[in-house]
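The block underneath contains the structure these notes are about, expressed in structure tokens.
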Amino acid sequence: IPGAGGPTAAAAEDPAVRISGLALRGARVDLGEQRVDLGRVGVQGLQVTAVRDANGFNLQRMLRRDDPDDEPTTWTVALPRIALVDAAIRFEDRSRAPAAALPLDAIRLVATGYDSAADSEVALDVNGRLAGGALSLAAKLTLPEPSLRGQVELEGFDLLPLPPFLTERVPLDLRSAGMSLAGDIESKLPDRALAFDG
């Protein structure tokens, strides 16, 4: 899926989302009920590059709906299980100098229980590497008003990539630092509120 452009050639040419493999098992479409059941979905090698530049985020531009006459869909979608293997997300902030990057890679994610026709509680099991540290998350995501509750562990997180994201508000000269944590998290995503106990 092509990116939506930006101030540099790299931002314009690099795809925002790549997938090397996709598998569907047990998918069904009911035209009368206007319902899609995707069954079991497997995604291999998902790579997402989220870039912030002077024009905002590339993913927002890619997903923006520009037609005011579009009517909301009446179709419902069930996604009983999706598994991501060898996924990676890279956040780049090119709106500052020097540019900053924060990688999350080697992601393995299993999510079960999504259904747009009813309130859903989606079980999430996530493992990966965040800036070189080992990350694991076991949580429940409640929809349609999203809230998240679960347990998170992060071991050996390298803090060196963080100062470019912080120095606008905090004068910080960081030479070396690491962090590990473990605890319970709870977040009401629309309010951007996050509680951590650990």
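Computed from a prediction, not measured in an experiment: that's the story for all the values here.
- Ion pairing between a basic and an acidic side chain is recognised when a charged N comes within 4.0 Å of a carboxylate O; Arg94 and Asp53 show no such pairing.
- Of all the heavy atoms in Leu38 and Leu24, the pair that sits closest is O-CD2, 4.2 Å.
- In this view, Leu181 and Val152, Leu154, Met179, Phe196 satisfy the side chain to side chain contact (heavy atoms under 4.5 Å, CB included) rule, not counting sequence neighbours.
- Smallest separation of non-hydrogen atoms from Pro80 and Gly39: CD-O, 3.2 Å.
- Among residues two or more places apart in sequence or in another chain, the side chain to side chain donor-acceptor pair (under 3.5 Å) test is passed with Gln151 by none.
- Evaluation of the salt bridge (Lys or Arg N to Asp or Glu O under 4.0 Å) rule for Arg175 yields Asp173 as partners, not counting sequence neighbours.
- Residues Ala193 and Ser187 come closest through the heavy atom pair O-OG, 2.9 Å.
- Qualifying side chain to side chain contact (heavy atoms under 4.5 Å, CB included) partners for Leu31, counting only residues two or more places apart in sequence or in other chains: Val29, Trp75.
- For Ala177, the side chain to side chain contact (heavy atoms under 4.5 Å, CB included) partners two or more places apart in sequence, or in a different chain, are Leu159, Leu174.
- Taking the salt bridge (Lys or Arg N to Asp or Glu O under 4.0 Å) definition, one finds that Asp86 meets it with nothing, sequence neighbours left out.
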Donor-acceptor contacts, no H, no angles, side chain residues 135-148, under 3.5 Å, sequence neighbours left out:
none

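- Asp184 pairs by the salt bridge (Lys or Arg N to Asp or Glu O under 4.0 Å) definition with nothing, not counting sequence neighbours.
- Looking at residues two or more places apart in sequence or on another chain, you find no side chain to side chain contact (heavy atoms under 4.5 Å, CB included) involving Ala27.
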Show every donor-acceptor pair shorter than 3.5 Å between a side-chain atom in residues 103-113 and any protein atom, with sequence neighbours excluded, or say none if there are none.
from	atom 1	to	atom 2	distance (Å)
Asp105	OD1	Arg129	NE	3.4
Asp105	OD1	Arg129	NH2	3.4

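- Annotation for Gly156 and Ser180: closest pair N-OG, 3.0 Å, computed over non-hydrogen atoms.
- Residue pairs meeting the salt bridge (Lys or Arg N to Asp or Glu O under 4.0 Å) criterion with at least one member in residues 112-122, sequence neighbours excluded: Arg35-Asp115.
- In this view, Arg81 satisfies the salt bridge (Lys or Arg N to Asp or Glu O under 4.0 Å) rule with no residue, not counting sequence neighbours.
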